[in-house]
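Structure first, commentary second.
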Amino acid sequence: MIDIAYLRERRDELAASVARRGFEIDLDALDEIDRARRLARSESEEVRNKQNTIGKSIAALQGKEREAAIQEAGQFATRYKALLGSADDLDEKFNALWTTLPNMTDPTAADGFEEDDAVEISRYLDPTVFSFEPKDHVDLGVPLGIVDIERATKMSGSRFGMIKGKLALYEMALTRWTMDMLSGHGFTPILPPVLVRESALYGTGFFPGDRAQVYSVEQDDLYLVGTSEVPLAAMHGDEIFDEESLPLRYVGFSTCFRVEAGTYGKDTRGMFRVHQFDKTEMFSFVHPDASRDEHDFLLEREEELVRALEIPYRVMNVAAGDLGSSAAKKYDIEAWFPGQGRYREITSTSNTTDFQARRLRIRFKDDRGENRFVHTLNGTAIAMGRTLIALMENHQQEDGTIRVPEALVPYTGFDTLDAR
RNA sequence: GGAGGGGUCGCAUAGUCUGGCCUAGUGCGCGCGCCUGGAAAGCGCGUAUGUGGAAACGCAUCGAGGGUUCGAAUCCCUCCCCCUCCGCCA
């Protein structure tokens, strides 16, 4: 949800933002509804005030006077109900439209509407060069006995994978390493619930838009999260922070579940796009003036991690029209995947400004004692599935084994992924 | 799964039976002031959220939504949530 002041006082900015996303809405009509509902509201309140005033006097009255007052108050009560009804109807009409609006777009977000419109802003290392024909993660992992797609499919169907042996230990090591790296930067590690209520998904902006991408557990009316961003954000819902307690930074670890509806035929090989994977995720609650810097900070953390993993990558400024509804601006890190011969997304960091904070009512008390919305940001630390694939494919050796980057060796306890 | 107890302005509670003096009391916490050499204690004042308004002020909110009534924290209906005990269980 965005600040209604944009509609009332800064309509041009709002129109420009919406246009950059390719989102269509009639702002003039919306403004008219807003005016009408405010008028209806204040009319109803005036009548209510009169009704209240008379109503209070009734207790002290007797006999005829009392009867007359009840009569009069009754008339106001009837009028009030009618006026209140129309004010409520207008509110509902307004909100139905207003809540579909995507966040205000950051002026520095790239122009365009599609994935291909993203603008590359930096690059690290060149695509890995091999003296032999590189394999992809399936051809590497299956012979080593560290990846098993067939059996995962047998149990669970397509888009599932199974990680075994040293690769399983590798993931554990990566997780712990990420937690250590980020807690060193002031992020508090969290292992959140992965089943959440509907309100958590609305609050973070995934509902109603992405409903089809989320698994639901009907038995208890809960939903499996696609990212720990959801619980990390929603856990502070309805809270008011002291200004001094900001920024608040968390790194969550959770399994992530995604329906991947509408991706049939896309990335069907191996474990690149699966229904279930593990991910460490950064999440920040910050002062509104600090969110731009925090976004850079999160990107720096992501780059720091990927660099330590010795994976070639490029950083992309995602096009305005390709942003999710809650993001004002988003950077993707795309890693080089030798098996695919191209760059693919492995992390993503978004500045959602006050969009989620408004929906979740997360505020802070500023130095004048006023409650203001915080800004929230999220960023992938390590998405295990894809990162393991990138590590396998980039660090493969001619004999089919896989080298472990130096930074990770203290965590894995081995320096090579092999069959043993 | 079974049985019971609850959701009130940061926290803890009063109020609900018997509708109107609830404009929601009290304690704790927090802030400011007085007092003091300084502090503690004590005393005084203030201290929920949203919304409309330039402001004065109004309106709404006692888990949520409906209903009864001139009037609902209080009565009625539906739903949600939390807790305790028993059972089961990593």
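Numbers restart at 1 for each chain; the letters A, B, ... are given by sequence-line order, proteins then strands.
Nucleotides B:C34 and B:A41 place their C1' atoms 14 Å apart, quoted to the nearest Å. B:C77 and B:U13 are spaced 29 Å apart, taking the C1' atom of each and rounding to whole Å. Taking the C1' atom of each, B:G87 and B:C30 are spaced 45 Å apart, rounded to whole Å. As rounded to the nearest Å, B:G27 and B:C9 have C1' atoms that lie 15 Å from one another.
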Could you go over nucleotides 80-82 of chain B and give all protein N or O partners under 3.5 Å, atom names and distances?
from: B:C81; atom 1: O3'; to: A:Arg197; atom 2: NH2; distance (Å): 2.9
from: B:C82; atom 1: OP1; to: A:Arg197; atom 2: NH2; distance (Å): 3.3

Mind listing the N/O atom pairs, protein and nucleotides 68-71 of chain B, below 3.5 Å?
from: B:C70; atom 1: O4'; to: A:Ile70; atom 2: O; distance (Å): 3.4

Protein and nucleotides 62-65 of chain B: nitrogen or oxygen contacts under 3.5 angstrom:
none

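Remark: A:Arg249 pairs with A:Glu294 by the salt bridge (Lys or Arg N to Asp or Glu O under 4.0 Å) rule, at least two apart or across chains.
In this structure, B:G1 and B:C86 make a Watson-Crick or G-U wobble pair, each of the two defining distances being under 3.5 angstrom.
Side-chain atoms of A:Tyr223 and A:Arg211 include a donor-acceptor pair closer than 3.5 Å.
For A:Asn49, a side-chain nitrogen or oxygen approaches OP1 or OP2 of B:C59 to under 4.0 Å.
Atom CG of A:Asp88 and atom C1' of B:G66 are 13 Å apart (whole Å).
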Per-nt protein contacts along nucleotides 48-53 of chain B (heavy atom under 4.0 Å; B base, S backbone sugar-phosphate only, - none) come out as -SS-SS

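For residues 67-77 of chain A, the set of pairs meeting the side-chain hydrogen bond (donor to acceptor under 3.5 Å, both in side chains) definition, not counting sequence neighbours, is empty.
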